[in-house]
Number of protein chains: 4
Amino acid sequence: MSSETRSPLPLLLRRHTSSESKNLATVSSSLLPAFGTVIDEGYLQLKKYTIAPYDRRYRWWQTFLVILVIYSAWASPFELAFKKVATGSLMPVDLTVDAFFAADIILTFFVAYLDKSTYLLVDDHKKIAIRYATKLWLPMDIASTLPFQSMYRVITGKMHQGDIFGFLNLLRLWRLRRVSELFTRLEKDTRFSYFWTRYCKLICVTLFAVHSAGCFYYWLAIHHKTSKKTWIGAQITDFEHRSIWLGYTYSIYWSIVTLTTVGYGDLHAENTGEKVFNILYMLFNIGLTAYLIGNMTNLIVHSAIRTFAMRDAINEILRYASKNRLPEGLKEQMLAHMQLKFKTAELQQEEVLEDLPKAIRSSIAQHLFHKTVEKAYLFKGISDDLVTQLVSEIKAEYFPPKVDIILQNEIPTDFYIIAAGAMDVLIYKNGTEQVCLNSFLFRQRAFLSSILYISKQG
Amino acid sequence: MSSETRSPLPLLLRRHTSSESKNLATVSSSLLPAFGTVIDEGYLQLKKYTIAPYDRRYRWWQTFLVILVIYSAWASPFELAFKKVATGSLMPVDLTVDAFFAADIILTFFVAYLDKSTYLLVDDHKKIAIRYATKLWLPMDIASTLPFQSMYRVITGKMHQGDIFGFLNLLRLWRLRRVSELFTRLEKDTRFSYFWTRYCKLICVTLFAVHSAGCFYYWLAIHHKTSKKTWIGAQITDFEHRSIWLGYTYSIYWSIVTLTTVGYGDLHAENTGEKVFNILYMLFNIGLTAYLIGNMTNLIVHSAIRTFAMRDAINEILRYASKNRLPEGLKEQMLAHMQLKFKTAELQQEEVLEDLPKAIRSSIAQHLFHKTVEKAYLFKGISDDLVTQLVSEIKAEYFPPKVDIILQNEIPTDFYIIAAGAMDVLIYKNGTEQVCLNSFLFRQRAFLSSILYISKQG
Amino acid sequence: MSSETRSPLPLLLRRHTSSESKNLATVSSSLLPAFGTVIDEGYLQLKKYTIAPYDRRYRWWQTFLVILVIYSAWASPFELAFKKVATGSLMPVDLTVDAFFAADIILTFFVAYLDKSTYLLVDDHKKIAIRYATKLWLPMDIASTLPFQSMYRVITGKMHQGDIFGFLNLLRLWRLRRVSELFTRLEKDTRFSYFWTRYCKLICVTLFAVHSAGCFYYWLAIHHKTSKKTWIGAQITDFEHRSIWLGYTYSIYWSIVTLTTVGYGDLHAENTGEKVFNILYMLFNIGLTAYLIGNMTNLIVHSAIRTFAMRDAINEILRYASKNRLPEGLKEQMLAHMQLKFKTAELQQEEVLEDLPKAIRSSIAQHLFHKTVEKAYLFKGISDDLVTQLVSEIKAEYFPPKVDIILQNEIPTDFYIIAAGAMDVLIYKNGTEQVCLNSFLFRQRAFLSSILYISKQG
Amino acid sequence: MSSETRSPLPLLLRRHTSSESKNLATVSSSLLPAFGTVIDEGYLQLKKYTIAPYDRRYRWWQTFLVILVIYSAWASPFELAFKKVATGSLMPVDLTVDAFFAADIILTFFVAYLDKSTYLLVDDHKKIAIRYATKLWLPMDIASTLPFQSMYRVITGKMHQGDIFGFLNLLRLWRLRRVSELFTRLEKDTRFSYFWTRYCKLICVTLFAVHSAGCFYYWLAIHHKTSKKTWIGAQITDFEHRSIWLGYTYSIYWSIVTLTTVGYGDLHAENTGEKVFNILYMLFNIGLTAYLIGNMTNLIVHSAIRTFAMRDAINEILRYASKNRLPEGLKEQMLAHMQLKFKTAELQQEEVLEDLPKAIRSSIAQHLFHKTVEKAYLFKGISDDLVTQLVSEIKAEYFPPKVDIILQNEIPTDFYIIAAGAMDVLIYKNGTEQVCLNSFLFRQRAFLSSILYISKQG
């Protein structure tokens, strides 16, 4: 066997193109068949004019729609409160957005779906259509897309002044389910930080709650018979004819003063209707506040786990050493070892590897230790097969300087190979220590030696 | 042995009718005798006219009573605050509800109970009666059921105007212990979501606190000598003669503004009595708010455990790979394997099975792997007993595509049977890889092979 | 060996009188010497006129003092705010309380203490006195006990009108360290519920904060030059000459409105001094609120662990069964077993026993299983020593009804003894199941059999 | 072998000087090379005029700068709000502080840095300069150091009255990254309590938020055209010409009333600009409050883990004993053992030692047990090597009084050496117990015996 055939690894690894494996990461977790499900051959070619749900371009289209959904979530309550905007400047924007969603409805008829019971992609157009139509999604999608006001104007030729269209516009909030789905997906995607994904979600929920409550509260004020007896009218006379900006600021200000439970009291419910809405909003806020705090606590608790583990381990060692009155030198060895252990945690994580199948673990060991073992004096000339088998049992360990590695008189159980650093052999004779051997393999930064060892138990 | 006797499983399973086992799930956790308690024969037949506490119809009756309790919890404080309602429109409803609870008192004498020390159902009528009478429940049940006001009217022939009956009505809140018991039971019942059960409980507690405090605060205002110097009278002159709806709205509005700590200040305590009640209510609210937030945090932390476990495992692998500079291909194999592992977690949960007794574990293994092992070429013709014994040691594993399963030169420890998917045998010769064998058993979706294996250690 | 010598247990157990062991529970955790510390003989007799810190009567005296401390904690801020009370009705009470604490100062000179470095009780009077005098405790104790105002009156013969004595009285708050010590001890004492101990502590801290802040805020108002420009004077003219009850109610009302962050705004800081105090109080409250919520969350999270464990295990089994399409009967067996496992958790807790030393574990096993094993047909007539040794390997297991215990053809690894209940032996022959043997030992409630078994691995 | 050569430990330990190992604790966690990185010899000597980042004096300089940063964080917003201060009394202080930071900029060119990819210290002046200049730090550092106002005055010879310099001063807040870095380092340093480090950080963040918001809110009021229509002007007429102290108190008061969500309402936004700022501040506060509570919860949960573990273990034992009706004496033995176990937890922590390498564990065992084993009667005269090997298998255990250590008839698996305390040997004969042997080695406090044992399995 020639020298370049020693390790089959480099070639093995070259085989894998990264694009395919990477794609796997973004595929939803439900793409797996139950054990033993028999699947017909040639399954993977989807029918013509059918799009796979994990198609890259379809994903981009979905992400683009989410941006439009955010606009809708803002615009729907706003147009309810400030009616002249709905029929004025925002009208063309709304129609454009609606057009995009109409396009998506049509597109959905061509997207294959995953059958939850068989875990198979269904690409039959009829089945797709039936599922879409029966699951309430189609009617709701259509209802949330139709521009009722424009249709009414086109049909009757005049503007309707009632609030009916404002409320019909709220149907567009149905689109919010897309945002919810997006966040569910992002939370599982390891390419994004869980902390910030979750954080964004909480901010979005809070802002939407504040905005909606503010707009609806303004709508209540507008529709009260006595302008003076409303929460805003008591402060600003003739508020209906002031600028939209002023009304919106007051609404949001009240909304957030209530949500955060600051409650200055400069704006407060004046009539029974407002009081009832206020009651409902505050009840909702209890839940929202608790949810925000709970989530934040969860994120903080999780992020602190590693720090706590490190500090606890070191504190326990210090306590053990001082309670048992261990000598100072021994205590420092213990401390130095623990700190090195936490610093090299990422290099050593044996528990990470335990979950992997044997072949992958062997590949990693080959990659890391093969060369070092081959170069070791003791293993010069042994067969490549034996090296391969030895390597799969090897573990790496780091030692801080001045730490004893093998004690005199101890029963030996491990076999060590010095991978980097130097080591002294001290023999204790006639009450003094004598340096017998001073092994300099190759010097590393002064305070660190890394060593490979094979444990008898391993 | 004929072919249909191969596995005794189908028949074994047919034996179990589902109704009996299912009932077990709803039986309270205390129905178990201590180890070695000797129980007399023929125990299971309860005496005539005795109802088992886990009788289905008795449970329905209890559930129905809980609905009435909710009404009582709302009505008692409400009737205290708004006295004319108590003697007016709600009077017949109250009497009907009281009648149902009177029926339940009588029924309780016929329901067997579980002795906490011996864990036996006691169906002796005398013992049941003694226990019910002595444990304070009987007097409290009767006191909370008697319609004092109606009795007074029947006896004296006139209406009493004092508040004594309003406070006596508060005795009905004793019934709330049933709701508390119901929630305790529901939290342990796996058929209901813990999250929503807990959520409902918190909402109920909050609403009851808000309602009670609001009503009592209104009662305080009604009974203050100077109407002008009360929290509501300072806002609405002559509030006693306004509608009940207005008074109730103001009460609840104040109550919830205080509970949520919004505290607008438009309604606030005007006299010393109100201030003292306000102090007590706010002290209570500190506890309630902390309890709400604590519970929410608990639920959120628990629900996030799985997501964190998945993300942490994958992040650790990425860190390990990059710190040790593993080649890109190997890193992707590791990643693909971990993701597949979490996706198939529900199919593989070995730790779930560990807790089960050996017979059940064997039955599961028979059900899952028997056919596959029988069909395997290697085991053709071996005795059915040997297959049964082999099967109980088998585990299933899923491999993502392009992952090495057995490395060349490696010491083999596991025996694999391909259950689904395909595999290539590559031999590394003269520096190139050659496909020797291309095993196509039956094709699955391209990126997945599931494999059975028997580990030497297993 | 006669029959009554079979088990040495009954006698062994009789030896232990419960009072001594119980005392152990209340001894503080620091009474333990380091490994290998040599202690002189006859150590346990304390010197004459010396009291052990864990003496029962001394503990009761300490507990009594804690009650007086609670009074002091209330009275000190109160007397600062309402000066006439301090020189009036509360004067004799204060003097009596001070007398008790003076007695405690003298007593402390006779109480042995525990040396933290050697873990030995020191009963040398001189050492006790030196330690008490040098550690700042003596001067602080004396300063917090001297009745300065009375002394001043006795010496000068007249009352001082300044606030100096009010502030000197605050020195008595030094006594609060006793309450803090008490709670630290109670939290470790398993005879008290941790939840309620902690709860009481939080309530005490909150009430003290509210009371102190309220009293000091009132003091600020009293000492402001313009009565009209104070938080209380702006509401009540001439408030200084109104009743103490009114002033105290307003103070506490303001204090708690601020602490709970309700902030109605009917009472608020009017001048700069009040604003500064308000700022400090609110800053403190952020911390207190977070501390309250954090503690509550901690208690709730801990109390829910068991429920979560149970629900998660059962849900995982349900998911595993449905994903792998296990037959309904098998699923029910799994479910029934898991539920029985959690119901019998308190009877089985093997992990509890693991921490105990071998002798205790053997004693428990003897107590639980000795009689059953002796009575078993198979072990009739074997030596008592052999039974004793068998028993220590035995474990108890509970089986729900209709569950398979040993499958046909399975390799047997465990040996079972039926302790209670009945079992059918079914042989699968020619495609049908035949009941061969129907073992009726003694009937238990229908749905439960408890079984002892010896595992080959055990 | 002479008596002083028995144990090589004292000498071994003398070798280690403590200063070097201690230094290790403060070195940042990233000073570790990846496995197998080859580093050239003589690496540790840094170039002339280059400072190592972990140099002691450089660290002190950094700590000193952090104090100046705290001043800057306070002064920048303050000078924005109260402009006359910026050009008046605080001017010289600001210039001095700026000078120190200018010195630090120059110093930075001489400080070696750690290359994140190779983990090597880079001491090449050119590389240091390039990295500093390109990473945006240099321009930001310079921008945050230049005293724009003084420069303008020197150049133009007159004072500028605009707000431009106030905002330019805010660039100094860039220095806050140093505080953030300091806290990150302190949290990992085990010499400081994590709780208090974290606590300080939270207080700093809160105070900075309160101060900044207050100052900016005052700036808003100053710059509004109608003084009467501002939050402060509505309360204090002509507030611009009142004292800085008054303005600052009002600002901080408003800021903290809002942050804590007290919201009295005596000061509140009057115009739209203030309302918008208020909205942003409150949104920020939701996050801050949740962050504070989350952190506090995290700290409390972590600190309670040990107490919970102890209480749970004891409660489980009590439950197990009472459910299985174990005799009182046995229950007390179990309890006494568990309590002793938790009291000696710090002396026994085997799990602490498990993580240490074998040589250190052996050293500890030698130190703790060598003398005791040598002195034991059974091991008198055996070779020192054998003692050394025996010692490494020994474990210490503490037994409460009156607890059985070895039961009669039991199969022995452990070998015990009594290290301290006494023990009775009781033989059960003819139904009574007889004291056969009463071993008094040396008496300890009555309730404790500590024992060494070698387990057969160990």
Side-chain angles (χ1 to χ4, degrees), chain C residues 4-5 8 11-16 18 21 24-25 29 32-36 38-39 41 43-44 187-188 190 194 258 261 263 265 268-269 272 275-276 278-279 282-283 285-286 290-291 293-295 297-298 301-302 346-347 349 352 355-357 359-360 362-364 367-368 385 388-389 392, chain D residues 206 246 249 252-253 256 260-266 292-293 296-297 300-301 304 307-308 311 314-317 319-320 323-324 326-330 332-334 336-337 339 341 343-344 347 368 396 400 402 404-411 419 428 430-431 433 442-447 450:
Chain C
E4 68 265 38
T5 66
L11 245 144
L12 247 81
L13 299 173
R14 229 175 299 138
R15 267 188 298 133
H16 308 281
S18 71
S21 305
L24 196 64
S29 72
L32 203 83
F35 185 84
V38 182
I39 302 158
E41 289 254 332
Y43 164 74
L44 279 164
E187 276 170 24
K188 282 180 184 161
T190 45
Y194 184 77
T258 304
T261 74
H268 59 257
T272 322
K275 279 200 163 60
V276 170
N278 221 331
I279 287 168
M282 284 185 283
L283 270 178
N285 287 341
I286 301 176
Y291 186 73
I293 291 172
N295 270 288
T297 305
N298 187 23
V301 165
H302 183 255
E346 278 135 6
L347 293 163
Q349 286 155 323
V352 171
D355 286 339
L356 296 172
I360 295 179
S362 296
S363 297
I364 293 168
H367 180 81
L368 291 177
D385 284 20
T388 305
Q389 285 171 21
S392 65
Chain D
T206 309
L246 185 110
T249 310
I252 296 298
Y253 176 73
I256 208 159
T260 56
T261 76
V262 169
Y264 290 122
D266 49 345
L292 289 175
I293 291 173
M296 191 58 102
T297 305
I300 290 167
V301 165
T307 309
F308 275 137
R311 296 184 70 103
I314 286 170
N315 283 335
E316 272 181 3
I317 277 202
R319 256 202 310 261
Y320 180 84
K323 284 266 170 179
N324 279 307
L326 297 182
E328 199 60 22
L330 198 50
E332 276 160 23
Q333 281 195 40
M334 290 162 78
H337 183 271
Q339 279 171 329
K341 198 180 156 251
K343 281 173 195 169
T344 57
L347 293 163
L368 290 178
K402 306 230 167 188
D404 305 315
I405 290 164
I406 307 172
L407 282 193
Q408 205 176 343
N409 292 338
E410 213 188 14
I411 315 161
Y428 191 77
N430 304 327
E433 288 188 323
F442 40 94
R443 265 207 96 73
Q444 178 119 346
R445 205 152 320 141
F447 56 87
S450 59

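Below, each value reflects all heavy atoms present in this structure, side chains not excepted, and no hydrogens, waters or symmetry copies. Being a predicted model, the structure only gives us computed values, none of them experimental. A note on names: the letters A, B, ... follow the listed sequences, proteins ahead of strands, and every chain is numbered from 1.
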Approximate separation, where rounding is to 0.5 Å, of [X] [atom1] and [Y] [atom2]:
| X | Y | atom1 | atom2 | answer |
| --- | --- | --- | --- | --- |
| Ile286(C) | Met296(D) | CD1 | CE | 10.5 Å |
| Tyr264(D) | Met282(C) | OH | CE | 5.5 Å |
| Ile360(C) | Gln333(D) | CD1 | CD | 5.0 Å |
| Ile293(D) | Thr297(C) | CD1 | OG1 | 8.5 Å |

> Does Leu330(D) reach the side chain of Ile364(C), with side-chain heavy atoms less than 4.5 Å apart?
Replying inline: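 Side chain of Leu330(D) against side chain of Ile364(C), heavy atoms only: contact under 4.5 Å found.
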> What residue among Ile256(D), Leu246(D), Ile252(D), Thr249(D) forms side chain to side chain contact (heavy atoms under 4.5 Å, CB included) with Lys275(C)?
Replying inline: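 Filter result, single survivor: Thr249(D).
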>> Under 4.5 Å from any heavy atom of chain D, what part of Asn278(C) do you find: side chain, backbone, both or neither?
In response: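 Contact with chain D involves the side chain of Asn278(C) alone.
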>> Counting only non-hydrogen atoms closer than 4.5 Å, does Ile279(C) touch chain D with its backbone (N, CA, C, O), its side chain (CB onward), both, or neither?
In response: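 For Ile279(C), the contact with chain D is made by backbone and side chain together.
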> Which region of Leu326(D), side chain (C-beta onward) or backbone (N, CA, C, O), has a non-hydrogen atom less than 4.5 Å from a non-hydrogen atom of chain C, or is it both or neither?
Replying inline: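 When you check distances to chain C, atoms from both the backbone and side chain of Leu326(D) fall under 4.5 Å.
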> Between Glu187(C) and Arg311(D), which heavy-atom pair has the shortest distance, and what is it?
Replying inline: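 Nearest pair, atom of Glu187(C) first, then Arg311(D): O-NH1, 2.6 Å.
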> What's the shortest heavy-atom distance between Phe308(D) and Asn298(C), and which atoms?
Replying inline: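 Looks like CE1-OD1, 3.5 Å.
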>> When you compare the side chains of Thr272(C) and Tyr253(D), does any donor N or O come within less than 3.5 Å of an acceptor on the partner?
In response: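 No - no donor-acceptor pair under 3.5 Å links their side chains.
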